[in-house]
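Remember, predicted model here, so these are calculated numbers, not experimental data. Residue indices begin at 1 and follow the sequence shown.
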Amino acid sequence: KVGWYNAVLQPAFHLPYPDDTLAFVVLSTPSMFDKALKPFVNKEWLKIIRDPVDQCVSHHLSHVKEKFPDQKVDVIFDYEILPSRKPKFLAQTAAHVAGAAYYYQRKDVKLDPWGKKKIYGVCIHPKYGGWFAIRGLLLFPDIQVPFLEQSAPVDCVSTEEKRIELLEQFNFHWQNGRYRDIIEVKERYSEEQKAYFATPPAERFRLLGLTQ
């Protein structure tokens, strides 16, 4: 429910919907690359003018909207920002309150070793670890769900030592991706997918055989 999200954030980040409004957080799993992105690029390559992943997600979520012709469906994508430069929604907070993935933050560590350093939090999925992404939010403004019960996300990095290791890896060594494997995962990105996301965005077109 939108109210779960708004309850944990400052008013500046609130979504402008009643508390009982139904919302879905959209995640992409490791298989998205082969099952969605590559077929999309092969079919639509002449029409790809911005980030291929963003366009692919937009394409698929527009199909989701078409499945609900009688409903108003609002879509907010993870990359959208407000004129103030703030993101339109805080993806990791949304995933946490929806029960999709646990958002580990500095406050989850009792004996904080970082002093005055800025420490960013990171979501970990119980099945995919850090090998997933939060892509968007689907909101159904006309559907109110007052009796929907909130499910807590799975706390899969439960020890203090592991949480410190996770936040250390994510904040100071994120390029090597080791934080993604903080737990045993069922599936991870393929080598091809790792290479794609490790490539600077401007050069990804070439990697996919596209001209920018």
Side-chain angles (χ1 to χ4, degrees), residues 4-5 8 23-41 51-61 63-64 75-80 87-109 119-139 149-199 201 204 207-208:
W4 302 339
Y5 174 87
V8 297
F24 290 86
V25 178
V26 180
L27 308 182
S28 65
T29 66
S31 60
M32 178 278 287
F33 193 80
D34 285 320
K35 290 183 178 177
L37 181 65
K38 284 162 74 173
F40 173 76
V41 168
D51 184 271
V53 172
D54 290 349
Q55 267 187 259
C56 174
V57 172
S58 176
H59 168 81
H60 284 288
L61 292 189
H63 281 316
V64 172
V75 182
I76 307 176
F77 296 99
D78 66 302
Y79 53 82
E80 290 187 280
K88 281 198 174 178
F89 82 107
L90 299 182
Q92 300 202 105
T93 300
H96 186 95
V97 299
Y102 201 107
Y103 184 24
Y104 290 98
Q105 301 175 74
R106 189 173 195 156
K107 64 183 174 62
D108 294 308
V109 173
I119 298 295
Y120 293 95
V122 59
C123 271
I124 295 295
H125 190 280
K127 184 176 177 183
Y128 303 115
W131 301 101
F132 78 103
I134 304 156
R135 299 294 181 189
L137 204 56
L138 291 175
L139 296 127
E149 290 187 14
Q150 189 170 9
S151 297
V154 178
D155 180 5
C156 49
V157 187
S158 53
T159 69
E160 179 91 347
E161 293 75 19
K162 277 288 183 188
R163 289 179 182 186
I164 290 171
E165 183 187 341
L166 169 65
L167 293 174
E168 285 271 337
Q169 288 293 334
F170 179 69
N171 280 274
F172 307 121
H173 311 286
W174 61 268
Q175 295 96 330
N176 67 26
R178 276 181 51 199
Y179 78 90
R180 299 179 188 273
D181 285 313
I182 195 71
I183 61 168
E184 198 168 312
V185 298
K186 302 278 195 302
E187 194 181 335
R188 55 172 60 85
Y189 291 176
S190 64
E191 290 306 314
E192 183 183 26
Q193 188 171 179
K194 284 182 200 170
Y196 178 82
F197 286 116
T199 301
R204 290 175 184 173
L207 207 63
L208 291 170

Can you name the side chain to side chain contact (heavy atoms under 4.5 Å, CB included) partners of Phe172, sequence neighbours left out? Trp114, Lys117, Ile119, Glu168
Quick one: are Glu160 and Val109 in side-chain contact, heavy atoms under 4.5 Å? yes
In chain order, what residues pass the ring pair (Phe, Tyr, Trp, His ring centres under 6.0 Å) check against Tyr102, with sequence neighbours excluded? His96, Tyr104
Determine the minimum heavy-atom distance between Ala100 and Leu27, stating which atoms define it. CB-CD1, 4.1 Å
Distance from Arg163 atom CZ to Arg106 atom CZ, nearest 0.5 Å? 15.0 Å
Lys35: what forms a salt bridge (charged side-chain N to carboxylate O under 4.0 Å, His left out) with it, not counting sequence neighbours? none
Residue pair Asp181 / Arg188: nearest heavy atoms and the distance that separates them: OD1-NH2, 2.8 Å
Which residues satisfy the ring pair (Phe, Tyr, Trp, His ring centres under 6.0 Å) test with Tyr120, sequence neighbours excluded? none
Spatial distance of atom OG (Ser31) from atom CG (Leu37) [nearest 0.5 Å]: 12.0 Å
On a heavy-atom basis, the closest approach of Ile134 and Ala95 is CD1-CB, 3.7 Å
Over all atoms of both residues, closest heavy-atom pair of Phe132 and Ala101: CZ-CB, 3.8 Å
Please examine the side chains of Val122 and Trp174, heavy atoms only from C-beta on, and report whether any two atoms are closer than 4.5 Å. no
Just jot down the side chain to side chain contact (heavy atoms under 4.5 Å, CB included) partners of Ser151, sequence neighbours excluded, or say none. none
Counterpart residues, side chain to side chain contact (heavy atoms under 4.5 Å, CB included), relative to Pro30 (two or more places apart): Tyr128, Trp131, Glu187, Tyr189
Pairwise distance CG(Leu166) to CG(Asn171) - rounded to 0.5 angstrom: 9.0 Å
Minimal heavy-atom distance between Val41 and Pro52, with the atoms involved, is CG2-CB, 4.5 Å
For Phe89, all residues meeting ring pair (Phe, Tyr, Trp, His ring centres under 6.0 Å), sequence neighbours excluded: none
Taking only residues two or more places apart in sequence or in another chain, which ones pass salt bridge (charged side-chain N to carboxylate O under 4.0 Å, His left out) with Lys194? Glu191
Report the residues that fulfil salt bridge (charged side-chain N to carboxylate O under 4.0 Å, His left out) with Lys88, sequence neighbours left out, ordered by chain and then residue number. Glu80
Does some side-chain heavy atom of Val64 sit less than 4.5 Å from a side-chain heavy atom of Leu61? yes
If you count the non-hydrogen atoms of other residues, nucleotides and ligands that lie under 6.0 Å from CD in Glu184, is the total more than 12? no
By salt bridge (charged side-chain N to carboxylate O under 4.0 Å, His left out), which residues pair with Arg178, not counting sequence neighbours? none
Residues in ring pair (Phe, Tyr, Trp, His ring centres under 6.0 Å) with His59, at least two apart? Phe40, His63
Kindly confirm or rule out a cation-pi arrangement of Arg135 over Phe77, judged by NZ or CZ under 6.0 Å from the six-membered ring centre and within 45° of its axis? no
Sorted by chain and number, sequence neighbours left out, side chain to side chain contact (heavy atoms under 4.5 Å, CB included) with Ala98 holds for Val25
Nearest-0.5 Å distance that lies between atom CG in Leu137 and atom CG in Asp78: 10.5 Å
Just by distance, do the side chain of Arg204 and the backbone of Thr199 share a donor-acceptor pair under 3.5 Å? yes
Where Val97 and Trp4 come nearest, the two heavy atoms and their spacing: O-CE3, 3.6 Å
